[in-house]
Each structure stands twice: as structure tokens, then as C-alpha cells.
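So the structure is just underneath, and the comments pick up after that.
Numbers here simply count residues along the sequence, with the first being 1. This is a predicted model, so every value here is computed, not measured.
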Amino acid sequence: MKAMILAAGLGTRLKPLTDRMPKALVPVAGEPMLKRVIEQLKGVGFTHIVINVHHLAEQITDYLKENNNFGIEIEISDEQAELLDTGGGLLHAYSLLSGDCFMMTKPYSNYSENEKQYLSCEVTDSGMIDNSFLVHNVDILSNCNLKKLCSAHKEVHPGANATMLVSDRNSSRKLLFDKCNRLCGWINKNSGETKPKNFVYKEGEYNEYAFSGIQVVNIKTLALMKKYGYSGKFSIIDFYMDMLDKGELEAYGFADPNLRLLDIGKPDTLIEAESFVKEIK
């Protein structure tokens, strides 16, 4: 399975630090955010990572070269021309995330070993074909068991568009899931705004969670973006809400009761980060 690190943000909440360096390279407890996420992914077995860049992009590419890509395969999705947000960024990286694949015309077991190397997929323990990738925001620190998240997507929800790491942390914006933790909608608890447009919120009927910025996404989700003409800059959450409205989305929440998570994209949490890093080791 591949992974993508979303590292193209402007880091406006961290100004003036980000006037001279990209957010991804801001030190957290002595090490750049990007290094911490790469090493976490590498530590659980990821060997092919895509990273999107925009603001001061050359600093990131130079940093990766200086560190020999941390001994793994790293590809850059260049957004210097336009910052594309969380949904547009994934779509822009489609070719890097899908790889050289071809349409399967027979069961996986019937392919030769030579043919299998061109299939951009993995076979799960249950024999299901999986063609998914992990997405991780660069400014999120957590103790998430990424292997369990990936297993939940591949084994518990095979074929789903996405499995999203969620928590019950304080947030005014909540994703709404049914009792099977299938995504139903979104609500702003302060304003009462709900999505998708035809969604009717009923108090107490949903598991309400905040999104963590980490998820596993099936490559078919990007094909769905193309099907409905998505392009340029757009949010992945807004896309999910649109697909829910169209009856085209199957996505689930993965709620880990032991999750510890810190958004390090803010000045106050940068100060907390040093002790947080020690706690989650």
C-alpha cells in the first residue's frame, strides 16, 4: 500500500515561522513535522510515499534529497501552480497513487507472477483485491495504530471508498455516522449547518466524531472525482458530502478509544508537542 502526506499547506497559523520555511519543515520537538510523519509511516512498513508541495516547495525537495528520501521511494506531487486543498491534492496525484495498472479481466489468482507486478493492488488475507492508499496530514501527531486502521479498511470494510480515523475530541465540526459507523453527514454544532444538502439531523441518532486528518482511501474514490467532473481546488470532506447526496459513497469511521492526537499546525500546540512526543513513544 502507498501513502500520501499532505504537506502543501501555507501554514498561515504558524506565521511568521512559515514566512521563511514551509510548514512541513517547522521543527516539532527538535525534528521537522515531515520527518516525524515519514518515519512513522516507514516504521509500520510503508516504502512508497507521495508528498504534495506548494509553499517554498524547493526547501522540501532539497530536504528529502539531503536525507536520501529516508531510504524509501518518495515521489513529489507538485502544486506550485495552485494550492489544491485536500480533495484536489489527491486528484492531482492520481497517476502517482494509482501507478501502472490495467483492468483485471480474470481472478487475481489466475494471473502469472509477471502479470501481477503490474497490478496496482494488494491481496488481503481474506483474498479481497485492495487498491487503497493511506493519507496523512503533515501537521498531525498521533499514537494511531496505522496497521489497525489499514486492516479495518481492507478486512472489515472491503471495497469502501474510505475509512477515516476519527475521535470524540472537542470540535464544532463533526462527522455523523450511523450505529455501524457508516458516514451519513456533517454538522457545524455552532451554526447548525448540515451537509449534504438533503440531510436532516436528528439529535442522538448518530455517532458524532471529529476527523483526525488520517484516512485510508480506495483509488476508485479518485475515479469518482473524475466521473463527476471535479478538478482544481476542493475539499475532500465537501466531496464526500456531495457523493453522499448522490448515493455514491461508502465511507466509515475508525474510532480508537486509546487515540492520542495533536494538531501541531498551531503555535500553542507546537509548545505542547515536546511533552506529547515523549508521551506517545
Side-chain angles (χ1 to χ4, degrees), residues 1-6 8 46 48-52 73 75-79 81-108 110-111 115-124 126-137 149-165 175 182-186 195-197 211 213-254:
M1 185 186 288
K2 295 181 181 180
M4 181 167 182
I5 300 174
L6 299 180
F46 286 93
H48 190 164
I49 297 175
V50 176
I51 301 173
N52 67 342
E73 184 177 357
E75 294 184 282
I76 297 298
S77 180
D78 191 345
E79 295 181 24
E82 181 186 11
L83 185 59
L84 297 171
D85 208 338
T86 51
L90 295 185
L91 182 56
H92 187 66
Y94 193 170
S95 62
L96 300 178
L97 293 167
S98 60
D100 298 322
C101 59
F102 60 85
M103 184 68 67
M104 294 185 66
T105 57
K106 55 188 175 183
Y108 182 84
N110 290 349
Y111 283 98
E115 289 174 320
K116 285 178 181 178
Q117 67 178 313
Y118 297 105
L119 290 172
S120 179
C121 65
E122 294 178 358
V123 181
T124 68
S126 62
M128 295 294 295
I129 295 297
D130 179 70
N131 196 357
S132 301
F133 55 93
L134 181 85
V135 183
H136 198 303
N137 287 6
L149 174 62
C150 293
S151 293
H153 178 76
K154 294 193 289 185
E155 304 295 341
V156 182
H157 307 303
N161 294 96
T163 301
M164 313 168 74
L165 180 67
L175 293 172
R182 181 165 177 168
L183 184 63
C184 300
W186 174 95
K195 297 177 183 179
K197 59 185 178 183
F211 179 44
I214 303 171
Q215 60 178 322
V216 183
V217 178
N218 192 300
I219 199 71
K220 70 180 183 181
T221 305
L222 307 192
L224 202 56
M225 294 173 179
K226 285 179 170 286
K227 175 183 175 181
Y228 283 98
Y230 274 79
S231 63
K233 180 178 180 178
F234 63 93
S235 155
I236 191 66
I237 298 299
D238 285 346
F239 169 75
Y240 286 167
M241 295 304 113
D242 185 24
M243 293 303 102
L244 281 176
D245 189 49
K246 291 177 168 61
E248 289 269 26
L249 188 83
E250 180 186 358
Y252 294 88
F254 178 82

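A distance-only check finds no donor-acceptor pair linking the side chain of Lys220 to the backbone of Asn131 [under 3.5 Å].
Two residues are said to be in side-chain contact when any heavy atoms from C-beta on lie closer than 4.5 Å; Tyr240 and Asn161 fail this criterion. Side-chain contact check for Ile237 versus Lys195: every heavy-atom pair is 4.5 Å or farther apart. Side-chain contact check for Thr86 versus Phe239: every heavy-atom pair is 4.5 Å or farther apart. Using a 4.5 Å heavy-atom threshold, the side chains of Glu82 and His92 count as separate.
The shortest heavy-atom contact between Ala8 and Glu79 is CB-OE1, 4.0 Å. What you find for Ser132 and Asn218 is that their closest heavy atoms are OG-CA, 3.5 Å. Leu183 and Met164 get closest at one heavy-atom pair: CD2-SD, 4.3 Å. Closest approach of Gly185 and Leu244 over heavy atoms only: N-CD1, 3.9 Å. Across every non-hydrogen atom of Leu222 and Leu97, the tightest pair is CD1-CD1, 4.1 Å. Nearest heavy-atom pair across Ser77 and Met4 is CB-CE, 4.5 Å.
Aromatic ring pairs are classed by plane angle as parallel below 30°, tilted from 30° to 60° and perpendicular above 60°; the pair His157 and Tyr252 is parallel.
A side-chain donor-acceptor contact under 3.5 Å links His48 and Glu75.
In this structure, Lys226 forms no cation-pi arrangement with Tyr94, as its terminal cationic atom is not both closer than 6.0 Å to the ring centre and no more than 45° off the ring axis.
Atom-to-atom distance recorded for Leu249:CG and Leu224:CG is 7.5 Å, nearest 0.5 angstrom. Taken from CG in Asp85 to CG in Leu83, the straight-line distance is 7.0 Å, to the nearest 0.5 Å. Atom CE of Met243 is separated from atom CE of Met225 by 9.0 Å, given to the nearest 0.5 angstrom. Considering OG1 of Thr221 and NZ of Lys227, their distance stands at 12.5 Å, rounded to 0.5 Å. Atoms CD1 and OG1, on Ile214 and Thr163 in that order, are 13.5 Å from each other to the nearest 0.5 Å. Here the straight-line distance linking atom CG of Leu149 with atom CG of Leu134 works out to 6.5 Å at 0.5 Å rounding.
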* To do: Evaluate the side-chain contact (heavy atoms from CB on, under 4.5 Å) criterion for residues Leu165 and Phe254: first the C-alpha distance (whole Å), next the side-chain angles of each, then the deciding distance (0.1 Å), finally the verdict.
  => CA-CA 5 Å; Leu165 180 67; Phe254 178 82; 3.7 Å; yes
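Checked against Phe133 for a side-chain contact (heavy atoms from CB on, under 4.5 Å), the options Val216, Ile219, Ile49, Leu96 give a single hit: Ile219.
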